[in-house]
Amino acid sequence: QVQLVESGGELVQAGGSLRLSCAASGRTFSSSAMGWFRQAPGKEREFVAAISRNSGNTDYADSVKGRFTISRDNAKNTVYLQMNSLKPEDTAVYYCAARIGSTYGYVYKSTRDYTYWGQGTQVTVSS
């Protein structure tokens with residue numbers, strides 16, 4: 001069993017930055033591929049960024065490329081999402097997700113690929 005707890009979401013002005021954190025419990029973090037997703041009101045949950053278990057590979061949604069950076073610290077069981085140049089359309093609840101026992105180097109972009117989810121953290125970007 002893995003528990004994920006996100007933090008760092010808040011209200012920020014357009015053009016600002018935030019860093020989200022996702023702390024994972026358990027000893028399986030280092031063998032887990034991790035992802036960040038977001039869900040705006042009335043919309044489906046969508047992929048934002050993903051990182052492989054050994055940080056060797058990352059991938060991003062086109063809408064956040066060049067602005068967001070995903071990283072992880074396996075010693076701290078934590079994955080991060082650095083968000084720069086925020087836009088009002090980035091407003092959403094952000095969720096982290098874990099896929100235990102993933103293959104080295106693989107990243108996953110579908111919600112169906114992940115087994116464990118956090119409770120989400122609200123990011124609101126004002127114009």
- Where the side chain of Ser25 meets the backbone of Val2, is there a donor-acceptor pair that is under 3.5 Å apart? no
- Task: Test Met83 against Arg19 for side-chain contact (heavy atoms from CB on, under 4.5 Å), laying out the working first.
- Result: CA-CA 6 Å; Met83 306 187 295; Arg19 188 175 83 155; over 6 Å; no
Compile the donor-acceptor pairs under 3.5 Å between side chains in residues 104-113 and protein atoms, sequence neighbours left out, one pair per line.
from	atom 1	to	atom 2	distance (Å)
Lys109	NZ	Asp59	OD2	3.3
Ser110	OG	Arg112	N	3.1
Asp113	OD2	Ser110	N	3.4

- Query: Is the NZ or CZ atom of Arg53 positioned over Phe29's six-membered ring, under 6.0 angstrom from the centre and within 45° of the axis?
  - Reply: no
- Task: Kindly give the heavy-atom pair with the smallest separation between Arg67 and Ser85, and that separation in Å.
- Result: NH1-O, 3.0 Å
- Message: Taking atom CD as the centre, does Glu89 end up with more than 12 heavy-atom neighbours from other residues, nucleotides or ligands that are less than 6.0 angstrom away?
- Response: yes
- Message: Can you give me the closest heavy-atom contact between Ala92 and Ala40, atom names plus distance?
- Response: CB-N, 3.9 Å
- Message: Could you report the tightest heavy-atom contact between Leu4 and Gln119, atom names first, then the distance?
- Response: O-OE1, 3.5 Å
- Message: Please tell me whether Ile51 and Tyr95 are part of a single hydrophobic cluster in this structure, the criterion being side-chain heavy atoms less than 4.5 Å apart.
- Response: no
- Tightest non-hydrogen contact, residues Arg38 and Ser63, listed as NH2-OG, 3.4 Å
- Which atom pair, heavy atoms only, marks the closest approach of Arg99 to Tyr114? N-CD2, 3.7 Å
- Where at least one partner belongs to residues 47-83, residue pairs that pass ring-ring contact (aromatic ring centres under 6.0 Å, His included), sequence neighbours excluded: Phe37-Phe47
- Pair Asp90 + Lys87, salt bridge at N-O below 4.0 Å: no
- Query: At their closest point, which heavy atom of Thr78 faces which heavy atom of Ser21, and how far apart are they?
  - Reply: CG2-CB, 4.3 Å
- Message: Would you say that Val48 contacts Leu81 through its side chain, given a criterion of any heavy-atom pair below 4.5 Å between the two side chains?
- Response: yes
- Item | Student check: side-chain heavy atoms of Tyr94 and Glu6 closer than 4.5 Å | no
